[in-house]
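Have a look at the structure below, then the notes.
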Amino acid sequence: MIDESKNLSYNVSQSEGKGYFNRFISYFGYKKFVVDCLDRNKYDKIIISTVAIAVLLYPYLKKYYKNKYLFDIRDYSLILKFTKFILKKLIDNSTATVISSEGFKRWLPKSSKYYIAHNFPFELTNGVVKFRSGALSLKKHKKSLVITTIGALRDFEANKLLIDTFKNSDEFLINFIGTGHAYYPLKEYVRNKGIPNVLFYGYYLKKDEADLLKNTDFINNFTNFDKNSRTLMTNRFYLSVVLGIPMIVRADTFQGKLCEMYKLGCVLSSHIEIKAQLKKYISSWSQDEYANGCSNFLEIVEDDTRKLDVLLRDFVLNN
């Protein structure tokens, strides 16, 4: 409900508590709004973000914008259970399809049109893919190690598991910075259980992320285990690498695979005692190995970003 007078805005507030079906129905109003805007303005090319609205717009896109749109996929959508055949056509008819995680290829149809758009925090590095100076230090000498979850708080069960693992421990302090639909349930759970070593900080400004994490030893990236969580790439993943703060991720996920491959943090199995796994990782941590892993991963990010930049320039500037 922010006033965006210079943009074409569709302001509708829809609670996640109303359920997926009711929220999906509200997309039909948005579809009508979008089609009206496109008809009025006659754009040469467009970019479509998210699966649900792209599926609803498919007949219109096929008729008026075939090979004249970029399709941007940020998450798995439940709508694909019923419309997988449309997804293939949307990709085939796009100029290119941009995905935020290569892990999505596990559930996407095969195509040569995919480009990766990494959730890299360019604002922290002056627009360049690199480390921030002063990074790369796992502070083993501290009495209490700090594990921080920063950003949108969504995965209640995963975060509850970590809280239960480290609750009432003098060795670990758990921070939650940010809001989301899991924020109040997690805060209420901690309050009811009387857990002293778990703290909540609520809303924060993006520009303050680095300062808020300066005393953090691990960035928590431990997610739920649904299809989207198993294949996505979070903002926290990149934040961890850029700031040189090892992450905690879940095994048998795409992020877990990358973390293990590039030695970027501790990959936790939920079937083994988590605290013991983390302590084992800390005792064997090598700063050189970690730094090399970060550098190698960022080379991939830089290469993918260069390819995406060429695509976007070509899409915008050429007929």
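These numbers come from the heavy atoms of this one structure, side chains and all, not from hydrogens, waters or symmetry mates.
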Any ion pair linking Glu260 and Lys257 (charged N to carboxylate O, less than 4.0 Å)? no
Check this for me, if you would: do Asp72 and Arg74 make a salt bridge, where the nitrogen-to-carboxylate-oxygen distance has to be below 4.0 angstrom? yes
Distance from Thr253 atom OG1 to Phe222 atom CZ, nearest 0.5 Å? 9.0 Å
Yes or no on side chain to side chain donor-acceptor pair (under 3.5 Å) for Thr234 and Asn221, after CA distance, side-chain angles and deciding distance? CA-CA 8 Å; Thr234 61; Asn221 203 18; 2.7 Å; yes
Is a side-chain donor-acceptor pair under 3.5 Å present for Tyr189 with Asp164? yes
Salt-bridge criterion met for Lys32 and Asp36 (N-O under 4.0 Å): yes
Just how far is it from atom OG1 of Thr305 to atom CD1 of Ile116, taken to the nearest 0.5 Å? 10.0 Å
Can you tell me how far CH2 of Trp107 sits from CG of Leu80, rounded to the nearest 0.5 angstrom? 6.0 Å
Begin from the C-alpha positions of Cys294 and Leu264 and carry the test side chain to side chain contact (heavy atoms under 4.5 Å, CB included) through to its verdict. CA-CA 6 Å; Cys294 289; Leu264 302 176; 3.8 Å; yes
Audit row: Phe237, Phe297, ring-ring contact (aromatic ring centres under 6.0 Å, His included) steps and yes/no: CA-CA 11 Å; Phe237 193 101; Phe297 174 72; 5.3 Å; yes
Ring geometry between Phe166 and Phe172 (parallel below 30°, tilted from 30 to 60°, perpendicular above 60°): tilted
Quick check on the hydrophobic clustering: are Tyr58 and Tyr76 connected, directly or via other members, by side-chain heavy-atom contacts under 4.5 Å? yes
Donor-acceptor pair, side chain of Thr216 and main chain of Phe218, under 3.5 angstrom: no
Please answer whether the main-chain N or O of Asp288 pairs with a side-chain N or O of Asn292 as donor and acceptor at a distance below 3.5 Å. yes
Is it the case that the ring center of Tyr184 lies less than 6.0 angstrom away from the ring center of Phe156? no
Set of residues satisfying side-chain hydrogen bond (donor to acceptor under 3.5 Å, both in side chains) with respect to Asn235, sequence neighbours excluded: none
Is it true that Lys307 and Asp303 have a side-chain N and a carboxylate O under 4.0 angstrom from each other? yes
Return each pair, listed once, that meets salt bridge (charged side-chain N to carboxylate O under 4.0 Å, His left out) where at least one residue sits in residues 267-285; pairs must be two or more places apart or across chains. Glu171-Lys279
Within the distance-only criterion (no hydrogens, no angle test), does the side chain of Glu123 pair as donor or acceptor with the backbone N or O of Lys207 below 3.5 angstrom? no
Enclosure of Asp252 CG (heavy-atom neighbours >12, cutoff 6.0 Å): no
Please determine, by modelled atom types, if Thr95 and Asn67 share a side-chain donor-acceptor pair under 3.5 angstrom. no
Would you check if there is a donor-acceptor pair between the side chains of Asn220 and Asn175 at a distance under 3.5 Å? no
Let's go through Arg230 and Asp226 carefully: what are the C-alpha distance in whole Å and the side-chain angles of both, what is the deciding distance for salt bridge (charged side-chain N to carboxylate O under 4.0 Å, His left out) to 0.1 Å, and is it a yes or a no? CA-CA 6 Å; Arg230 291 197 302 271; Asp226 54 83; over 6 Å; no
Look at the side chain of Lys113 and the backbone N and O of Ser94, then say whether any donor-acceptor pair between them is shorter than 3.5 Å. yes
Treat each ILVMFWY residue as a node, draw an edge where side-chain heavy atoms are under 4.5 Å apart, and state whether Ile46 and Leu308 are in one component. no
Say you draw a straight line from OH of Tyr238 to CZ of Phe120; how long is it, rounded to the nearest 0.5 Å? 9.5 Å
So, applying side chain to side chain contact (heavy atoms under 4.5 Å, CB included) with Leu199, which one of Thr148, Val146, Leu173 is it? Leu173
What class does the angle between the rings of Tyr290 and Trp285 fall in, given that below 30° is parallel, 30 to 60° is tilted and above 60° is perpendicular? tilted
Taken to the nearest 0.5 Å, the spacing of Lys45 NZ from Asn318 CG works out to 6.5 Å
Decide whether Val12 and Leu8 are clustered together by the hydrophobic rule: side chain heavy atoms of Ile, Leu, Val, Met, Phe, Trp, Tyr closer than 4.5 Å, transitively. yes
Roughly how far, to the nearest 0.5 Å, is CG of Asn224 from CZ of Arg154? 11.5 Å
Check the hydrophobic clustering (I, L, V, M, F, W, Y; side-chain heavy atoms under 4.5 Å; chains of links allowed) and say if Leu78 and Leu57 are grouped together. yes
Would you say the side chains of Thr223 and Ser229 form a donor-acceptor pair under 3.5 Å? no
What is the ring orientation for Tyr30 with Tyr27, classed by angle as parallel under 30°, tilted 30 to 60°, or perpendicular over 60°? perpendicular
Report yes if the side chains of Arg250 and Gln255 come closer than 4.5 Å at any heavy-atom pair, otherwise no. no
Using 4.0 Å as the upper bound for N to carboxylate O, is an ion pair formed by Asp92 and Lys89? no
Before accepting this row, confirm whether a basic side-chain N of the pair Glu157/Lys160 lies closer than 4.0 Å to the acidic partner's carboxylate O. no
Do Phe28 and Val35 sit in one hydrophobic cluster, given that two such residues count as connected whenever their side-chain heavy atoms are within less than 4.5 Å of each other, even indirectly? yes
